[in-house]
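Written below as structure tokens is the structure these notes are about.
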Amino acid sequence: MNGWLSFEKRWLHNLLHALVPAQPGCQAPGLQALDLAPFWLMLGAAAPPLLRLGLRASAWLLTWLPLLTPGFFRPFFLLSADDRDRYLMQALNSRLFLVRQLVQTVKIVSCFALFRDPMARQALGVQP
Amino acid sequence: MNVTDGLSIRAPHAVECDVAIVGSGPAGAAAARQLARAGARVVVLEEGPLVDPSAYGVDGFTAMVQLWRDMGASVALGNPPMPVLQGRAVGGTSVINGAISWRLPQDIWQRWIAADPALEATLDWNSLESVTDAIERDLNIHRTEPAIAGPKNLLMAKGADALGLEHRPIARNVVDCEGLGRCLQGCPKGHKQSMERTYLPDAVRHGAEILSQVKVQSIVHQDGVATGVRALAAGGGQVVVTARRAVVLAASAVQSPLLLWASGIRHGPLGCHFQAHPGTSVSGLFPDPVRNWLGATQGHEVIGLRKEGIKFEALGYDAVILASRLEGIGKAFTRNLNDMANIAQWGVAVRAEMQGRIKPGLFGRPSIAYGLTDTDLAKMRRGVRVLGEMMFAAGAEVVMPGVFGWHEEVRDPKVMARFEAEGPRDPKAYHCAVTHLFGTCRMGSDAELAVVRPDFRHHTVDRLYIADSSVFPTNTGVNPQTSILALATLCGQEIARA
């Protein structure tokens with residue numbers, strides 16, 4: 001994504017990897033196993049301003065919000081894999097619309113990335 | 001089809017014609033074809049590219065980048081915020097819609113005429129019917145055959161039957177459809193009779209010129225007369241089109257009012273009365289594979305509640321959209337992806353009473369204010385309840401209403417039946433999207449209450465016409481492509497006569 005600082009990209013990747021993790025018995029490969037560089041290039045060139053803003057806000061807010069959240073008290077990148085999962089589920093069900101929307105935005109982007117990959121599509125039984 | 005790509009226009013470029021048409025979607029294409037056939041020298045300017053079907057992306061993301069305006073992420077800000085879905089390509093939204101074809105319902109037409117009898121001079125019922133007959137022949141509009149419907153459409157028929165709701169296969173503008181389920185990504189085999197395959201090539205055969213990737217910036221007008229347009233090509237060249245007879249706006253109910261605004265033409269309720277069909281979807285887990293992404297993209301509809309302003313359609317898109325609506329996140333979400341093949345997704349669209357407005361926003365982008373009224377939300381609740389019940393009646397084991405603050409998964413039809421009464425009253429609990437946009441340059445005889453006259457002419461600027469759904473006095477409650485084609489054809493006839 002053009003204009004993103006390297007640590008912002010890392011934060012976003014952390015979120016995406018936690019959103020679609022590799023799991024035994026699951027057809028979907030984890031996002032961590034995929035080469036997302038072509039996807040980011042395409043998204044960077046095409047995303048409208050509001051989507052860029054939403055993604056950046058998601059990266060910042062969802063990275064730092066756990067620091068203020070009872071039961072976590074750490075930034076997202078310092079949470080264990082299980083805590084990341086638990087935190088994201090809590091954020092998805094937040095009473096705050098904005099928080100829910102930010103999680104939903106990253107979820108949609110992670111699906112875009114997953115379903116753009118021919119191997120992932122094949123693994124999920126969708127035409128590659 | 002011969003199209004001049006704006007990428008190749010790097011220097012100032014001047015064009016002379018009889019009629020300049022802004023937009024190449026159904027409205028622009030129908031007007032262009034009508035006028036070119038009548039012997040006018042027509043130039044069509046389109047902001048988006050002409051994409052060869054062989055290059056259409058198989059995945060939803062690539063298609064959204066290629067063919068959708070703002071990747072489908074233009075947002076109406078209101079309660080709730082909702083994405084506004086439009087195409088941006090030669091052929092406009094016809095390239096990425098479900099090919100659903102509906103005649104203008106007579107009850108809607110009667111409301112228009114009752115509110116403003118002067119409309120009947122142009123929009124008389126017989127003319128509309130006769131023009132629509134021709135459109136149905138031209139575009140091979142016919143009901144979806146069971147052989148290509150696929151399980152999601154056939155299950156909807158079963159569910160509606162069980163509930164005693166009127167339903168039918170959807171009439172679509174397709175030829176030899178194979179049920180690839182890719183209408184919304186652009187048909188890779190050209191079976192969908194979208195405008196870049198039908199009316200635009202016909203207009204070109206009759207002498208029309210199409211400029212793609214050329215964004216019109218303003219309408220040129222002097223002393224109350226429109227004389228052309230100014231545009232910027234993707235290659236950087238300024239394009240000036242001089243139109244001897246007329247300028248026709250056909251850029252959609254979002255872009256047409258913005259263009260008038262940018263041109264200093266601000267007469268009447270410009271950008272007001274914005275109406276649409278907001279909708280949401282419900283998913284159901286079935287015992288057997290459905291593969292929602294296969295079969296006729298949108299091949300079945302339930303019309304039993306249409307007069308209440310509620311209409312149901314089977315939905316189809318690349319699996320990415322279905323996946324993004326699955327419950328959960330992280331490990332739970334990845335597990336849920338295993339069930340994806342057995343999930344069907346159906347949608348409810350509402351003829352909403354809400355009237356929003358469009359005006360210029362930041363950086364030349366539209367500011368869209370639109371939400372749901374209490375009545376609209378009540379229709380949405382009713383729609384979700386009926387969709388859930390239809391899914392159970394069709395054999396679903398689990399229904400996922402997708403509404404925040406209510407059961408994520410429903411396993412008992414009796415619970416689903418309570419949704420209408422118990423479902424959340426907060427619009428933000430619903431995942432809605434807005435399609436079918438109307439009313440921002442409303443047609444009418446009263447110059448104070450309308451932007452264009454009943455004959456599509458602008459009330460204050462001569463030789464300026466508007467042909468798209470922005471002139472519709474209200475929303476229609478049904479998919480508007482055929483109505484847009486019909487009205488734009490009548491608009492073309494008016495200009496040819498003028």
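Here is the naming used below: chain letters follow the sequence lines, and residue numbers restart at 1 for every chain.
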Any idea which of A/Cys26, A/Ala81, A/Ala46 has the most non-hydrogen atom pairs under 4.5 angstrom with chain B? A/Cys26
Non-hydrogen side-chain atoms of B/Thr334 and A/Gln27 separated by less than 4.5 Å: no
Under 4.5 Å, heavy atom to heavy atom: which of residues 47-71 of chain A reach chain B? Give them by number, or say none. A/Ala47, A/Pro48, A/Pro49, A/Leu50, A/Leu51
For A/Phe112, is it the side chain, the backbone, both, or neither that has a heavy atom closer than 4.5 Å to a heavy atom of chain B? both
Sequence neighbours left out, what passes side-chain contact (heavy atoms from CB on, under 4.5 Å) with A/Leu78? Give chain and number order. A/Arg74, A/Pro75
Could you tell me whether A/Phe39 and B/Phe61 have their ring centroids closer than 6.0 angstrom? yes
So what's closer than 4.5 Å to chain A heavy atoms on B/Ala319: side chain, backbone, both or neither? both
Segment of A/Leu114 engaging chain B (4.5 angstrom heavy-atom cut-off): side chain
By a 4.5 Å heavy-atom criterion (distance strictly below it), what part of A/Ala28 contacts chain B: side chain, backbone, both, or neither? both
Kindly compute the distance separating CD (A/Gln101) from NZ (B/Lys428), expressed to the nearest 0.5 Å. 10.0 Å
What are the two closest heavy atoms between B/Val58 and A/Arg121, and how far apart are they? O-NH2, 3.7 Å
A/Ser80: what forms a side-chain contact (heavy atoms from CB on, under 4.5 Å) with it, not counting sequence neighbours? A/Asp82, A/Asp83
Top residue by heavy-atom pair count (under 4.5 Å) with chain A, among B/Ile321, B/Val65, B/Leu294? B/Val65
Quick one: pull up CD1 in B/Ile329 and CG in A/Leu92 and give me the separation to the nearest 0.5 Å. 5.0 Å
Contact class of A/Thr105 relative to chain B, heavy atoms under 4.5 angstrom: neither
Proximal component of B/Leu180, with respect to chain A [non-hydrogen, under 4.5 Å]: backbone
Can you run down the salt bridge (charged side-chain N to carboxylate O under 4.0 Å, His left out) pairs that involve residues 91-118 of chain A, sequence neighbours left out, and say none if there aren't any? none
Of all the heavy-atom pairs spanning A/Gly125 and B/Trp293, show the shortest one and how long it is. O-CZ2, 3.7 Å
Partner chain A: residue of B/Ala341, B/Gly328, B/Ala429 with the largest heavy-atom pair count (under 4.5 Å): B/Gly328
Please round to the nearest 0.5 Å and tell me the distance separating atom CG of A/Leu43 and atom CE of B/Met64. 12.0 Å
What part of B/Glu327 is in contact with chain A, defined as an atom under 4.5 angstrom from a non-hydrogen atom: side chain, backbone, both or neither? backbone
Please flag which part of B/Asp318 lies under 4.5 Å from any non-hydrogen atom of chain A: side chain, backbone, both or neither. side chain
Against chain A, label B/Leu362 side chain, backbone, both or neither, depending on which of its atoms sit under 4.5 Å from a heavy atom there. neither
For A/Gln32, is the CD atom crowded, meaning more than 12 foreign heavy atoms sit under 6.0 Å from it? no
Given heavy-atom pairs under 4.5 angstrom as the criterion, report whether the side chain, backbone, both or neither of B/Arg365 touches chain A. side chain
Indicate yes or no: at least one non-hydrogen side-chain atom of B/Lys331 is less than 4.5 angstrom from one of A/Met89. no
Search all heavy atoms of A/Phe115 against all heavy atoms of B/Ala323 and return the closest pair with its distance. CE1-CB, 3.4 Å
Evaluate A/Val126 against B/Arg291 for side chain to side chain contact (heavy atoms under 4.5 Å, CB included), listing each step before the verdict. CA-CA 8 Å; A/Val126 182; B/Arg291 294 192 183 85; over 6 Å; no
Please report the shortest heavy-atom distance between A/Val20 and B/Phe333, naming the atom on each side. CG2-CE2, 4.0 Å
